[in-house]
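In what follows, a structure is listed as C-alpha cells, so that the remarks can point back to it.
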Protein chains: 2
Amino acid sequence: MKWDDLKVFLAVARGESLSSAGQVLKMDPATVGRRIARLEERMQARLFDKSPQGYGLTEAGRKVVAHADAAEQAVIGALEETRGASNTLSGSIRIGAPDGVANYLLPQICAAICDENPGLEVQIVALPRVFNLSKREADMAITVSPPQTGRLTVQKLTDYHLHLAATRQYLDQHPPIHGRNDLAQHRLIGYIPDMIFDKELDYIDEVGEAAHAGLMSNSFSVQLNWARQGAGICIAHDFALPTYPDLVQILPDQVALTRSFYLIRHADDRRVERLNRMAETLASALRHEIVRLEALA
Amino acid sequence: MKWDDLKVFLAVARGESLSSAGQVLKMDPATVGRRIARLEERMQARLFDKSPQGYGLTEAGRKVVAHADAAEQAVIGALEETRGASNTLSGSIRIGAPDGVANYLLPQICAAICDENPGLEVQIVALPRVFNLSKREADMAITVSPPQTGRLTVQKLTDYHLHLAATRQYLDQHPPIHGRNDLAQHRLIGYIPDMIFDKELDYIDEVGEAAHAGLMSNSFSVQLNWARQGAGICIAHDFALPTYPDLVQILPDQVALTRSFYLIRHADDRRVERLNRMAETLASALRHEIVRLEALA
DNA sequence: AAAGCATTTTGCATTTTTGCAAAACTAGGG
DNA sequence: CCCTAGTTTTGCAAAAATGCAAAATGCTTT
C-alpha cells in the first residue's frame with residue numbers, strides 16, 4: 001500500500017476530476033488516473049465513479065476521505081514540526097572552535113552576523129579537543145587540520161600565521177633576542193605535550209631545538225594571558241595580537257609559522273540550505289577578519 | 001513532499017537501521033537510505049544520526065515520529081474502511097437480470113452458490129429494462145444483448161433457446177397445430193410492443209407474419225403464468241419449461257429461436273478479485289444450469 | 001594491535017513510473 | 001440531428017526509482 005496514492009486520492013476527491021487534481025499536484029492527469037486505478041486495485045474497492053464529466057466519489061470513497069484527511073493532517077504536522085525544528089536550528093546554531101578562534105575571532109564575527117540576521121542565535125563552544133559532530137556537540141566546527149575519518153564535509157577557510165610574542169616590558173627586562181639561539185635563555189609558553197589534540201599545534205619543534213616550554217597550558221588563551229602579564233614568550237596567532245597592544249612580535253622574519261583553518265560539518269547537512277548559507281557567511285567573514293587583524297599585528 | 005517517505009521513515013525509526021527497515025518494507029537497504037536522504041532534504045532537517053551501527057533518531061526525528069505514527073494510523077484506518085466495504089460487497093452482491101432469468105435460473109443457482117460460500121448474501125434485481133450499473137443499481141447484470149456504450153466489461157455467457165409453449169389442456173381444447181400457419185387461429189402471448197427494451201426480445205416477427213399477440217405483458221413471468229393457466233400460446237425459454245410440467249413445446253422443429261446471455265460489469269471492477277471470482281462462478285453455474293434445464297424441456 | 005562483523009554507501013543495469021500527444025468518450029447546445 | 005467542449009484513456013519514449021554487488025566504515029573481539 002502506497003501512502004502517496006492516498007495523497008492523490010485526496011486531490012481527486014477534492015477536485016472531482018483528474019485534470020484539476022493534476023493541476024494541484026503538478027502531475028499529468030494520466031498519471032493521476034493510473035495511481036487511482038492502482039489504489040483501487042490494492043484496496044479492492046471502487047472509490048470513484050468515472051466519467052468524461054469527472055471523478056465522483058462512490059460510497060466507499062466517501063468513507064476513505066475522512067481517513068485520508070487525517071493522514072494529510074498528520075503529514076502537515078510532521079512538516080510543521082521540522083520547520084519549527086529547523087527554525088530553532090537556524091535560530092540557534094552551535095559552532096565549535098579551538099579556543100584561540102573562539103576567543104579572538106568568533107566573538108566579533110558572530111556579533112556582526114547576528115546583527116544582520118535578526119532572530120539568529122549563535123552559540124560558541126570552545127573546546128581544546130576534537131569535536132564529535134555526530135553527537136550534536138555542534139552544528140559545525142573549525143579545526144586546524146582536516147579530519148581523516150567520519151562522514152564529514154570539510155572546507156578550507158584560510159591560512160593564518162603565528163609568531164613569537166611577548167610584552168615590551170618583558171623584553172626590556174630580559175636578555176636581548178637577535179636570533180633563534182637566544183631563545184634558549186628565555187621562558188617559553190606552550191602546550192602541555194601529552195594534551196596536544198592536534199599535531200598541527202606542535203609548534204615548539206619548529207621554533208628551534210634550543211627552545212623548550214617552561215609554562216604550559218592546554219588553552220591558548222591562558223598562554224596568551226601569561227605572556228600578556230610578562231611571564232614569558234608565547235607562540236601567538238597574529239590575529240590575536242591586536243587585542244593586546246602590549247604584545248609585540250619577536251623575530252618576525254626568522255620565526256614564522258603558517259597553518260590553516262578548516263570548517264567541518266555533517267556530511268548529511270550538505271543539503272540543508274540554511275546551514276549552507278550560514279557556513280558561507282561564516283567562512284567569508286573569517287577570511288576577511290583574519291586578513292584585517294593580521295595587517296594590524 | 002512524498003507521503004511514502006514518511007512510511008519508510010517510520011520503519012527506519014522502529015528498526016533503528018536501514019537493513020531491518022528494508023526487511024520489513026521488502027526493499028533494498030540502499031533504497032531505504034536514499035529515501036531517507038530525500039526526506040531529510042525536503043524537510044531541511046537531519047532526522048537520523050547515521051553510523052555503521054545503524055540509524056538513530058535525532059531530536060528532530062523524535063518529534064516527527066509522533067506525526068508519522070498518526071499518519072500510519074490514518075492509512076490503516078482507510079484500509080480497514082474499504083476492507084469492510086469490500087466485505088459487504090462480497091457479503092452482499094447485487095445481480096440484475098431480466099425477469100426470465102431472475103425467476104427461473106438465478107434462484108437455484110444463487111442458492112447453490114450461497115451454500116458453498118457461507119456469509120455470502122446475494123440480491124437479485126429483476127427489472128424489465130436496461131440497468132444503470134454506474135449508479136450501483138447492481139454489481140453485475142445479465143442482459144440479452146451486449147451493451148454498445150458505457151465503460152463496461154462484457155462477457156458472453158451462453159446461448160439459450162426459445163420455443164412456443166402451451167398447456168396440454170389448452171392444446172386439447174383448441175384447433176390442432178401442424179404448421180406455422182395454424183398459429184393464426186390461436187391466442188398468442190407476448191411483450192407489449194412499445195415497452196420492449198431490447199430488440200432481441202422482439203420475437204413475434206420471427207414466429208411468422210400470421211402471428212400476433214392477443215395477451216401482452218412487459219414481464220415474461222406474467223406471460224408464462226398466463227400460458228400455464230391455459231390462456232394461450234407463449235414464447236418461452238426452454239429453461240423455464242421444466243418448472244411447469246403442464247407446459248409442452250409446440251412445433252419445436254419448425255419454430256425455434258436462439259438468443260444469448262451476456263454478463264456485464266463495471267470496467268473498473270475488473271481488478272476486484274472477489275467480483276472476478278463471483279462472476280466466474282456465476283457464469284459457470286448459469287451455463288450448466290441452462291444445459292441441464294434445456295435437456296429436460 | 002589487528003582482524004572480523006554488521007552496517008551503510010556507491011556504481012551500474014534493470015524495472016517501474018511518468019509525461020506528452022493523440023484518440024475516445026459523453027453531456028449539452030445550435 | 002450533428003457538433004463542440006470538457007473530460008478520461010491509451011501508446012510510446014524519456015526519466016526516475018529500484019535492486020544488486022562491491023567497497024567503505026567504525027565498533028568489537030581475539
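Naming convention: chains lettered A, B, ... in sequence-line order (proteins, then strands); numbering from 1 in each chain.
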Sequence neighbours left out, what passes salt bridge (Lys or Arg N to Asp or Glu O under 4.0 Å) with [X]? Give chain and number order.
X        : answer
A:Lys2   : none
A:Asp28  : none
B:Arg259 : B:Glu200, B:Glu206
A:Arg38  : A:Asp5

Length of the line joining [X]:[atom1] and [N]:[atom2], which is rounded to integer Å:
X        : N      : atom1 : atom2 : result
A:Leu152 : D:dA24 : CG    : P     : 18 Å
A:Tyr55  : D:dT8  : OH    : C1'   : 7 Å
A:Leu18  : C:dC20 : CG    : P     : 16 Å
B:Glu16  : C:dA6  : CD    : C1'   : 15 Å
A:Gln23  : D:dT8  : CD    : P     : 12 Å
A:Glu40  : D:dT8  : CD    : C1'   : 13 Å
B:Asp49  : D:dT25 : CG    : P     : 19 Å
A:Met27  : D:dT8  : CE    : C1'   : 15 Å

* Looking across every strand, which nucleic acid part, if any, lies under 4.0 Å from A:Gly54 by heavy atom: base, sugar-phosphate, or nothing? ->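 Since only primed, P, OP1 and OP2 atoms lie under 4.0 Å of A:Gly54, the category is sugar-phosphate.
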* Mind checking ring pair (Phe, Tyr, Trp, His ring centres under 6.0 Å) for A:Phe9 and listing every partner two or more places apart, or none if nothing turns up? =>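 A:Phe9 satisfies ring pair (Phe, Tyr, Trp, His ring centres under 6.0 Å) with A:Phe48 only.
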* Asked: Nearest nucleotide by nearest heavy atom, which residue falls closer to the 5' end of DNA chain C, A:Asp28 or A:Pro52?
  ->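 Counting from the 5' end, the first nearest nucleotide belongs to A:Asp28.
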Any residue meeting side-chain contact (heavy atoms from CB on, under 4.5 Å) with [X], in chain and number order, not counting sequence neighbours:
X        : answer
A:Ala74  : B:Ala70, B:Ala71
B:Ser260 : B:Lys156, B:Asp159, B:Tyr262
A:Glu59  : A:Arg62
A:Glu16  : none

* **Protein-to-nucleotide contact annotation, 5' to 3' order, nucleotides 11-17 of chain C [B base; S sugar-phosphate only; - none; under 4.0 Å, heavy atom]** => B-----S
* To do: Please give the angle, rounded to 10 degrees, between the axes at the start and the end of the helix from C:dA1-D:dT30 to C:dG30-D:dC1, where five pairs define each axis.
  =>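 Terminal axis comparison yields 20°.
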List, with names and distances, any nitrogen or oxygen atoms from the protein found under 3.5 Å away from nitrogen or oxygen atoms belonging to nucleotides 27-30 of chain C.
| residue | atom | partner | partner atom | Å |
| --- | --- | --- | --- | --- |
| C:dA27 | O4' | A:Gln53 | NE2 | 3.4 |

* Asked: With side chains defined as the heavy atoms from C-beta onward, is the minimum distance between B:Asn218 and B:Asp99 less than 4.5 Å?
  ->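 Side chain of B:Asn218 against side chain of B:Asp99, heavy atoms only: no contact under 4.5 Å found.
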* Could you check if a side-chain atom of B:Leu106 sits within less than 4.5 angstrom of a side-chain atom of B:Leu282, using non-hydrogen atoms only? =>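 When only atoms from C-beta onward are counted, B:Leu282 and B:Leu106 do touch, with a gap below 4.5 Å.
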* **Short side-chain N/O contact from B:Ser19 to OP1 or OP2 of C:dT8, under 4.0 Å** =>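 The answer is yes; a side-chain N or O of B:Ser19 sits under 4.0 Å from OP1 or OP2.
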